[in-house]
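The residues of the chain are indexed from 1 along the displayed sequence.
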Amino acid sequence: MIIHYLRTAIRSLLKSRTYSFLNIFGLMIGITCAGVIFLWVEDEWMFDSVHEKKDQLYVVRQHWNYNGSIRTFQSSSALMGPAIQQSIPGVAATCRSTEEPITHLFSYNGHHLYATGAFMDSTAFTMFTFPFVQGTAAQAFTQPYAIVLTEKGARKFFGEEKNVIGKMVQMDNRQTFQVTGIIKDHPDNSSFRFEWVAPFPAYFHQRAWMNSWDANAVSTYVELQAGTDTAAVNREMQAAVKRILPQAIVSPFLFSMNDWRLYNNFENGIQTGGRIAYVRLFGVIGWIIILIACINFMNLATARSEGRSREVGVRKVLGAGRRGLIFQFAGEALLLSAVAMLLAIVAIYLLLPAFNAMVGKHILPDVLKPTHLLAIVMITLICGLTAGSYPSFYLSSFRPIAVLKGRMQQGGGELWIRKGLVITQFTISIVLIISTMVVFQQLQHIRNRNLGYDRHNLIELKAEGAIAKNYEAVRQHLLATGAVENAALSDHETIYGGNNTAAFSWPGKPEQEHVLISHRNVSPDFIKTSGMKIREGRDFMPAAASDSLSVIITHSLAKVISNKSVIGMSFMAPEWDDSVKIYTIVGVAEDFVYGDMYGKPDPVAFFSRTNDPVFMYVRIAAGVGTEEGIRKIRAVIEHDNPDYPFAFKFVDEQFNAMFTNEVLMGRLSRLFATLAVIISCMGLFGLAAYTAERRTKEIGIRKVLGAGIPSIAGLLSGEFLQLVLIAAVVAFPLAWWMMSTWLSQYAYRISVQWWIFLLAGLLAVVIAVLTVSYQAIRVALINPAKSLRSN
């Protein structure tokens with residue numbers, strides 16, 4: 001029976017090759033698009049799944065209450081981990097780690113290279129799943145200056161050497177570390193992305209200031225015993241902090257590894273989601289693309305009903321029941337869906353490398369994976385049954401007597417359903433076109449925002465070796481090249497968040513007022529080099545010592561301190577030895593944007609200190625080409641700082657990298673909008689071809705009576721144009737609501753402009769007219785004598 005239905009379905013499909021091709025191609029595009037999206041969604045859902053204890057792992061985050069406004073940070077004190085492991089029941093282990101992956105210079109056999117890693121406690125190897133290729137977890141950190149490399153890190157350090165255990169590498173031309181283990185490379189969908197890991201005590205003991213509950217500068221990871229109540233542990237941690245720091249405005253809590261990737265956003269102390277919004281959105285878009293392809297199938301199948309009516313009539317006269325006909329037509333749909341799925345699998349394998357490059361991933365499809373096999377079967381069935389459901393019931397409902405007597409007429413319901421499906425397709429397409437435009441505008445709006453400094457022609461270098469020790473000499477050599485306008489030092493990167501505290505004070509500040517203030521140590525020329533503007537007062541004097549007790553603050557901090565001029569006022573800053581140093585405010589700089597590119601920046605205090613620089617910023621002079629500027633800067637740095645490789649970053653590129661999610665959404669929305677339009681146009685093309693075919697004689701008569709090609713083309717295009725216009729009317733309010741909701745998450749955003757809707761509507765109309773006009777003009781050009789002889 002199944003073979004009979006399959007044979008019949010194949011014969012029927014071969015008779016209508018054009019429509020079968022359109023259906024298969026449309027379904028293939030839809031399934032390919034959805035398949036790639038679902039692989040991306042799966043990769044996001046499976047983030048950190050490599051860790052066997054994922055459900056028991058947490059990181060300590062802390063809510064800080066600044067005058068009723070709660071800010072959430074991941075940094076905690078280095079004393080937090082040992083304290084909670086010793087005193088709180090249910091804590092199986094803790095691990096301290098440098099807060100962000102850090103880059104250090106390594107030397108081996110005269111070769112110098114930079115590698116990114118972290119300092120972590122030895123418990124990292126039992127808490128997290130870091131499989132050892134060489135060495136063991138037990139022996140990894142038995143000595144204070146050990147280092148464990150990933151496979152990638154080992155290749156980077158030692159090339160193709162196999163046994164590297166025991167080899168010595170030097171960090172920052174100072175301390176020597178011994179390789180004690182090699183672990184497997186981290187998968188791309190892992191929160192840990194380092195090339196080396198070294199013992200945390202080696203980092204901690206060199207920074208005496210970290211031995212304080214007030215110094216929040218590390219990440220603290222916690223493993224709970226199975227069945228432990230997380231809320232109870234949180235209460236214990238909060239109580240412990242209150243006992244140690246009675247005046248603390250901080251509330252620590254455990255943040256599950258299951259939420260690190262997708263639910264990491266907090267607003268005023270409340271978890272508000274995060275990347276999960278993009279995952280859900282594109283998952284829905286994947287199903288929408290499939291739905292559009294299925295709508296194509298329904299439209300073309302019902303449009304061909306007149307051509308298949310005699311077949312249905314004859315089969316019914318010969319004894320075929322309605323159930324058998326339903327199975328036949330459903331079988332045809334499933335067969336088309338299966339063929340489309342096979343082609344889509346091939347297309348996914350071919351297109352995935354380009355998609356990976358676009359989204360910055362390394363997704364590998366595996367059709368033999370059980371979940372993927374199940375997904376293939378389910379999507380094939382869903383597409384086949386969804387696309388073939390209505391046509392099957394509709395075609396099997398024809399009455400044989402009416403059909404065989406030639407009285408078969410299309411019902412009004414069938415026409416309205418077909419029109420409704422076309423409207424649905426183009427509604428979705430127009431919504432996606434509008435969304436693409438709005439996302440692009442928002443991204444451009446942020447990129448063109450006045451940042452308060454000039455990010456162009458500004459490069460960043462690590463202030464290592466002679467750059468820090470002999471900075472003034474290096475700076476003068478750079479200026480002497482004529483390619484450098486200015487240079488300066490800083491202890492933090494300009495566009496990212498730096499150290500912050502609420503411990504600064506000034507005369508008249510209420511005792512209970514807590515204002516979060518970022519602070520940065522810079523050389524005197526930093527304001528000029530970065531392109532910031534002094535609003536009031538003066539810049540730092542050229543000699544750093546002249547302003548050792550001076551401070552420049554941003555305008556937002558000046559407004560907090562006083563509604564009058566703050567120049568000359570005192571500004572008290574606590575030191576790590578619990579003493580307080582009094583500075584004088586000598587200048588007020590314009591606010592600048594850093595950290596959160598969409599929000600309002602926190603106030604900043606700049607101190608003229610060059611004792612512990614981390615970065616050097618160099619501005620290429622106006623009129624000097626970028627390549628020439630870099631070449632001359634390289635020559636100076638390599639001459640003055642030969643022990644360190646010349647490595648730099650463009651601040652402009654760092655700025656652009658902060659919009660990864662938005663750029664990804666823009667790229668994907670453009671891709672999906674294009675595919676949606678293509679699939680919709682395929683359906684429209686098929687319907688236009690069918691309509692033109694049905695009205696061949698009518699067109700012939702009209703031409704005999706004197707109708708021209710433009711009038712005939714307009715006649716055939718008008719019906720479809722009306723449907724697209726209706727789709728636009730439906731899409732406009734829907735798109736406005738969707739994009740207004742999306743934009744509401746950004747403090748700094750555009751407003752949705754009316755002309756975007758007009759442009760999207762016109763674009764849809766033009767696309768539809770071009771699609772339909774081909775068929776209309778083709779039929780209009782047919783010799784009327786030939787068209788009147790046909791049928």
Colleague: Any chance you could lay out the ring pair (Phe, Tyr, Trp, His ring centres under 6.0 Å) test for Trp196 and Phe177, step after step, and finish with the verdict?
Modeller: CA-CA 11 Å; Trp196 57 267; Phe177 286 75; 7.6 Å; no

Colleague: Locate the shortest heavy-atom distance separating Phe504 from Pro574; write the atom from each residue and the value.
Modeller: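 Closest pair (atom of Phe504, atom of Pro574, distance): CD2-CD, 4.1 Å.
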
Colleague: Step by step, would you call His492 with Tyr594 a ring pair (Phe, Tyr, Trp, His ring centres under 6.0 Å)?
Modeller: CA-CA 11 Å; His492 283 92; Tyr594 66 96; 10.0 Å; no

Colleague: Grab the two heavy atoms, one from Ala605 and one from Val551, that are nearest each other, plus how far apart they are.
Modeller: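 So the two residues come closest at CB-CG2, 4.0 Å.
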
Colleague: I'd like to know if the side chain of Trp260 reaches the main chain of Phe255, judged simply by a donor and an acceptor atom lying under 3.5 Å from each other, with no hydrogens or angles considered.
Modeller: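 Yes.
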
Colleague: I'd like to check the side-chain contact (heavy atoms from CB on, under 4.5 Å) partners of Asp121; sequence neighbours left out, ordered by chain and number.
Modeller: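 So Asp121 forms a side-chain contact (heavy atoms from CB on, under 4.5 Å) with Cys95, Arg96, Thr123, Phe200, Pro201.
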
Colleague: Is there side-chain contact between Pro524 and Pro542, with at least one heavy-atom pair below 4.5 Å?
Modeller: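 Sidechains of Pro542 and Pro524: no contact.
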
Colleague: Okay, side chain of Ser212, backbone of Trp209: is any donor-acceptor separation there less than 3.5 Å?
Modeller: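 No, Ser212 side chain to Trp209 backbone: no donor-acceptor pair under 3.5 Å.
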
Colleague: Counting neighbours of NZ on Lys156 that are heavy atoms of other residues, nucleotides or ligands and sit closer than 6.0 Å, is the number greater than 12?
Modeller: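 Yes.
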
Colleague: Who passes ring pair (Phe, Tyr, Trp, His ring centres under 6.0 Å) against Trp45, sequence neighbours left out?
Modeller: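 In terms of ring pair (Phe, Tyr, Trp, His ring centres under 6.0 Å), with neighbours along the sequence ignored, Trp45 is linked to no residue.
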
Colleague: Between CG of Leu489 and CG of Leu461, what distance do you get to the nearest 0.5 Å?
Modeller: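 Here the interatomic distance stands at 10.5 Å.
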
Colleague: Checking the side chain of Asn173 only, and the main-chain atoms of Asp643 only, is there a donor and an acceptor separated by less than 3.5 Å?
Modeller: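 The answer is yes, because a donor-acceptor pair under 3.5 Å joins these two groups.
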
Colleague: Indicate the ring-plane relationship of His104 and Phe119, choosing parallel, tilted or perpendicular according to the 30° and 60° boundaries.
Modeller: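 Judged by the thresholds at 30° and 60°, the geometry between His104 and Phe119 is perpendicular.
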
Colleague: Mark yes or no for whether Asp185, through its side chain, and Glu151, through its backbone, hold a donor-acceptor pair below 3.5 Å.
Modeller: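 It does hold such a pair.
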
Colleague: Main chain of Pro101, side chain of Thr116: is a donor-acceptor contact present, judged purely on distance under 3.5 Å?
Modeller: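 Checking the backbone N and O of Pro101 against the side chain of Thr116, no donor-acceptor pair under 3.5 Å is found.
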
Colleague: Between the main-chain N or O of Asp491 and the side-chain N or O of Arg520, is there a donor-acceptor pair closer than 3.5 Å?
Modeller: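 The answer is no, because no donor-acceptor pair under 3.5 Å joins these two groups.
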
Colleague: Under a 3.5 Å distance rule, please check whether Asn641 uses its side chain to pair with a backbone N or O of Glu464 as donor and acceptor.
Modeller: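 Looks like yes, one N/O pair under 3.5 Å.
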
Colleague: Can you give the donor-acceptor pairs under 3.5 Å from side chains of residues 127-142 to other protein atoms, not counting sequence neighbours?
Modeller:
| from | atom 1 | to | atom 2 | distance (Å) |
| --- | --- | --- | --- | --- |
| Thr129 | OG1 | Glu52 | N | 2.9 |
| Gln134 | OE1 | Val164 | N | 3.4 |
| Gln134 | NE2 | Lys162 | O | 2.5 |
| Thr136 | OG1 | Gln139 | N | 3.3 |
| Thr142 | OG1 | Gln139 | O | 3.4 |

Colleague: Looking at Met46, I'd like to know if its CE atom is crowded, meaning that more than 12 non-hydrogen atoms belonging to other residues, nucleotides or ligands lie closer than 6.0 Å.
Modeller: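 No, the 6.0 Å shell around CE holds no more than 12 heavy atoms from other groups.
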
Colleague: Report the residues that fulfil side chain to side chain donor-acceptor pair (under 3.5 Å) with Asn499, sequence neighbours left out, ordered by chain and then residue number.
Modeller: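 In terms of side chain to side chain donor-acceptor pair (under 3.5 Å), with neighbours along the sequence ignored, Asn499 is linked to no residue.
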
Colleague: Nearest 0.5 Å, please: how far is CE in Met168 from OH in Tyr108?
Modeller: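 The CE atom of Met168 is 11.0 Å from OH of Tyr108, to the nearest 0.5 Å.
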
Colleague: Run the salt bridge (charged side-chain N to carboxylate O under 4.0 Å, His left out) test against Asp43 and tell me which residues pass, sequence neighbours left out.
Modeller: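 For Asp43, the residues satisfying salt bridge (charged side-chain N to carboxylate O under 4.0 Å, His left out) (neighbours in sequence not counted) are Lys361.
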
Colleague: Using the test ring pair (Phe, Tyr, Trp, His ring centres under 6.0 Å), find all partners of Phe648 that sit at least two apart in sequence or belong to another chain.
Modeller: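 So Phe648 forms a ring pair (Phe, Tyr, Trp, His ring centres under 6.0 Å) with Phe646, Phe650.
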
Colleague: What's the spacing between Met616 CE and Tyr471 OH if we round to 0.5 Å?
Modeller: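 The CE atom of Met616 sits 7.5 Å away from the OH atom of Tyr471.
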
Colleague: Charged N to carboxylate O under 4.0 angstrom, Asp259 versus Arg61?
Modeller: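 No, Asp259 and Arg61 are not salt-bridged.
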
Colleague: Could you tell me whether a side-chain N or O of Lys462 sits under 3.5 Å from a main-chain N or O of Leu105, the two making a donor and an acceptor?
Modeller: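 Checking the backbone N and O of Leu105 against the side chain of Lys462, no donor-acceptor pair under 3.5 Å is found.
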
Colleague: Salt bridge (charged side-chain N to carboxylate O under 4.0 Å, His left out) with Lys469: which residues, sequence neighbours excluded?
Modeller: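 With neighbours one apart ignored, the set is empty.
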
Colleague: Could you pull out the closest heavy-atom pair between Met120 and Ser97, with the gap in Å?
Modeller: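 Looking at all heavy atoms of both residues, the shortest contact is CG-OG, 3.6 Å.
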
Colleague: Is the NZ atom of Lys528 crowded by more than 12 outside heavy atoms at less than 6.0 Å?
Modeller: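 Atom NZ in Lys528 is not packed in, count stays at 12 or less.
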
Colleague: Show the nearest heavy-atom pair for residues Asp525 and Ala487, with the distance to one decimal.
Modeller: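 It is CB-O, 3.6 Å.
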
Colleague: Go through the steps to decide whether Phe615 and Tyr496 satisfy the test ring pair (Phe, Tyr, Trp, His ring centres under 6.0 Å), and finish with yes or no.
Modeller: CA-CA 13 Å; Phe615 301 99; Tyr496 301 123; 9.0 Å; no

Colleague: In sequence, state the C-alpha distance, the side-chain angles, and the governing distance for Arg475 and Asn486, and then conclude on side chain to side chain donor-acceptor pair (under 3.5 Å).
Modeller: CA-CA 8 Å; Arg475 179 173 176 272; Asn486 217 327; 3.0 Å; yes

Colleague: Say whether Asp602 and Ser518, considering side chains only, have a donor N or O and an acceptor N or O under 3.5 Å apart.
Modeller: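 Checked: Asp602/Ser518 side chains show no N/O donor-acceptor pair below 3.5 Å.
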
Colleague: Return the set of residues passing ring pair (Phe, Tyr, Trp, His ring centres under 6.0 Å) with Phe253 (not counting sequence neighbours), or none when no residue passes.
Modeller: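 With sequence neighbours excluded, Phe253 shows a ring pair (Phe, Tyr, Trp, His ring centres under 6.0 Å) to His63, Phe266, given in chain and number order.
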
Colleague: Cut-off 3.5 Å, side chains only: do Thr98 and Tyr203 have a donor facing an acceptor?
Modeller: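 Not at all, the side chains of Thr98 and Tyr203 share no donor-acceptor pair under 3.5 Å.
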
Colleague: Who passes salt bridge (charged side-chain N to carboxylate O under 4.0 Å, His left out) against Arg235, sequence neighbours left out?
Modeller: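 Checked Arg235 against salt bridge (charged side-chain N to carboxylate O under 4.0 Å, His left out); zero matches.
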
Colleague: Check this for me: His362, atom NE2, are more than 12 non-hydrogen atoms of other residues, nucleotides or ligands nearer than 6.0 Å?
Modeller: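 Not buried by this count: 12 neighbours or fewer within 6.0 Å.
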
Colleague: Could you give all pairs that pass the side chain to side chain donor-acceptor pair (under 3.5 Å) test and reach residues 74-85, with sequence neighbours left out?
Modeller: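 Non-adjacent pairs meeting side chain to side chain donor-acceptor pair (under 3.5 Å): Gln74-Ser219, Ser76-Thr220, Gln85-Thr94.
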
Colleague: Does Arg243 have any salt bridge (charged side-chain N to carboxylate O under 4.0 Å, His left out) partners at least two apart in sequence or in another chain, and if so, which?
Modeller: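 Testing Arg243 for salt bridge (charged side-chain N to carboxylate O under 4.0 Å, His left out), a comparison that skips the adjacent residues, returns none.
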
Colleague: For Tyr114, check ring pair (Phe, Tyr, Trp, His ring centres under 6.0 Å) against everything at least two apart and list the hits.
Modeller: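 Tyr114 satisfies ring pair (Phe, Tyr, Trp, His ring centres under 6.0 Å) with no residue once adjacent residues are dropped.
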
Colleague: Let me see the working for Thr494 and Tyr453 under side chain to side chain donor-acceptor pair (under 3.5 Å), right down to the final yes or no.
Modeller: CA-CA 9 Å; Thr494 302; Tyr453 56 89; over 6 Å; no

Colleague: When you measure from the side chain of Asn234 to the backbone of Leu254, do you find a donor-acceptor pair of N or O atoms at a distance under 3.5 Å?
Modeller: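 Flag set: sc Asn234 to bb Leu254 pair under 3.5 Å.
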
Colleague: For Phe194 and His186, what are the C-alpha separation, side-chain angles and deciding distance, and is it a ring pair (Phe, Tyr, Trp, His ring centres under 6.0 Å)?
Modeller: CA-CA 8 Å; Phe194 50 73; His186 312 296; 4.4 Å; yes

Colleague: Using a 3.5 Å distance criterion without hydrogens, assess whether the side chain of Tyr221 forms a donor-acceptor pair with backbone atoms of Gly81.
Modeller: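 No; judged by distance alone, with no hydrogens or angles, the pair does not exist.
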
Colleague: I need the minimum non-hydrogen distance between Val474 and Asp640, along with the two atoms involved.
Modeller: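 In terms of heavy atoms, the two residues are closest at CA-OD2, 3.7 Å.
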
